[in-house]
2 protein chains.
Amino acid sequence: MAVLDLLGRRWALGIIWQLRGDRLTFRALQSACGGVSPTVLNQRLRELRESGVVELSEREGYGLTASGHDLRKALEPLVAWSKRWARGAPASRSLRR
Amino acid sequence: MAVLDLLGRRWALGIIWQLRGDRLTFRALQSACGGVSPTVLNQRLRELRESGVVELSEREGYGLTASGHDLRKALEPLVAWSKRWARGAPASRSLRR
DNA sequence: TACTGATGCTACGCTTTTGATAGCGCAACA
DNA sequence: TGTTGCGCTATCAAAAGCGTAGCATCAGTA
């Protein structure tokens, strides 16, 4: 299941989720993701671009490809679940780092 | 989006996916995930248990909770997407480590 | 009473990944 | 000619992950 390898890296899911609406510049994306280090952001973006999920246009910045939008749609049940989960399990959010 | 933090760690999605059917013992789960080190597996399992997604029964090993099964269902569109993606983008699977 | 095998899990040392910060090269603009 | 914003890289420290070995416990068995 290669997709779990692609998406099971830190920020990968978040990046896709942040790009669900308008296109974002590198720096906008960086701050939207809570200040990821540019090293990792760039690495993730490279992987996602090589996977055909994310694309960069010079004018408008980063955005999802058609395939990426499909992926974002496939993520929606997950987000719906997470909302239910956040409501139902308030003690569970304390993951120490 | 705390769920992306929980699930955006290595093996987290895979563990949930492996538990979709029967319950598995620690070691069975370990080999089902391609030989994850017990250190990481145990840490992920602890996080997932604290989040109420996975549970351990002494008799039958690890399995999903009701919430965990919901999550697994929410993951199905993602798996469907990944199959399409694997078919359509054969050049994309080469993520260097 | 050992002995055997399976369980969940920890300890250790090392590699890889991620993080924080600074800054480069470039282009548009004033 | 400076300034601003862009994508992105360099560097180094910290955190996460990995591989291996092994512990403690319990059930079955001889």
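Throughout, a chain's letter reflects where its sequence line sits, starting with A, and its residues are numbered from 1.
Atom CG of B:L45 and atom C1' of C:dG8 are 10 Å apart (whole Å). Note: CG (A:L6) to P (C:dT17) measures 14 Å, nearest angstrom. Rounded to an integer number of Å, the gap from B:Q43 CD to C:dC9 P is 13 Å. Across the protein-nucleic acid pair, A:R10 atom CZ and C:dG19 atom P stand 5 Å apart, rounded to whole Å. We find that CZ of A:R44 is positioned 18 Å from C1' of D:dG7, with the value rounded to whole Å. One interatomic measurement links the two molecules: CD of B:E58 to P of D:dT25, which rounds to 14 Å at whole-angstrom precision. Here C:dG8 presents its P atom at 10 Å from CD of B:Q30, a figure rounded to the nearest Å. As a whole-Å value, the separation of B:W11 CH2 from C:dT16 P is 16 Å.
In this model, the phosphate group of D:dG17 is not approached by any side-chain N or O of A:R9 to a distance below 4.0 Å at OP1 or OP2. A close approach under 4.0 Å does not occur between any side-chain nitrogen or oxygen of B:S37 and OP1 or OP2 of D:dG19. Residue A:R46 has no polar side-chain atom (N or O) positioned under 4.0 Å from OP1 or OP2 of D:dC8.
Of the candidate nucleotides C:dC9, C:dT21, C:dT18, C:dC9 has the atom nearest to the side chain of B:F26. Among the nucleotides C:dT18, D:dT9, C:dA20, the one closest to any side-chain atom of A:N42 is D:dT9. Candidate nucleotides C:dG8, D:dG17, D:dG7 were compared by shortest atom distance to the side chain of B:Y62, and C:dG8 ranks first. In this structure, of D:dC18, C:dT7, C:dT18, it is C:dT7 that holds the atom nearest to the side chain of B:T25.
B:R59 comes within 4.0 angstrom of nothing in the nucleic acid, heavy atoms only. Within the 4.0 angstrom heavy-atom criterion, no nucleotide atom of any strand lies near A:G61. Residue B:R23 is out of contact with every strand shown, counting any heavy-atom pair closer than 4.0 Å.
Rounding to the nearest 0.5 Å places CG of B:L7 at 7.5 Å from CG of B:L4. Expressed to the nearest 0.5 Å, how far CG of A:L48 lies from OG1 of A:T65 amounts to 9.5 Å. Between the CH2 atom of A:W17 and the SG atom of A:C33 there is a distance of 13.0 Å, given to the nearest 0.5 Å. With values rounded to the nearest 0.5 angstrom, B:F26 atom CZ is found 4.0 Å from B:L41 atom CG. Between the CZ atom of A:R44 and the CD1 atom of A:I15 there is a distance of 7.0 Å, given to the nearest 0.5 Å.
Between B:R27 and B:V36, the one whose closest nucleotide on DNA chain D sits nearer the 5' end is B:V36. Toward the 5′ end of DNA chain C lies the nearest nucleotide of B:R49, the other residue of the pair B:R49 and A:V40 mapping further downstream.
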Exercise. Are A:E55 and A:Y62 close enough, and set up right, to give a side chain to side chain contact (heavy atoms under 4.5 Å, CB included), and what steps lead you there?
Worked result: CA-CA 6 Å; A:E55 64 185 359; A:Y62 284 95; over 6 Å; no

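One can find a donor-acceptor pair under 3.5 Å joining the base of C:dA20 and the side-chain atoms of A:T39.
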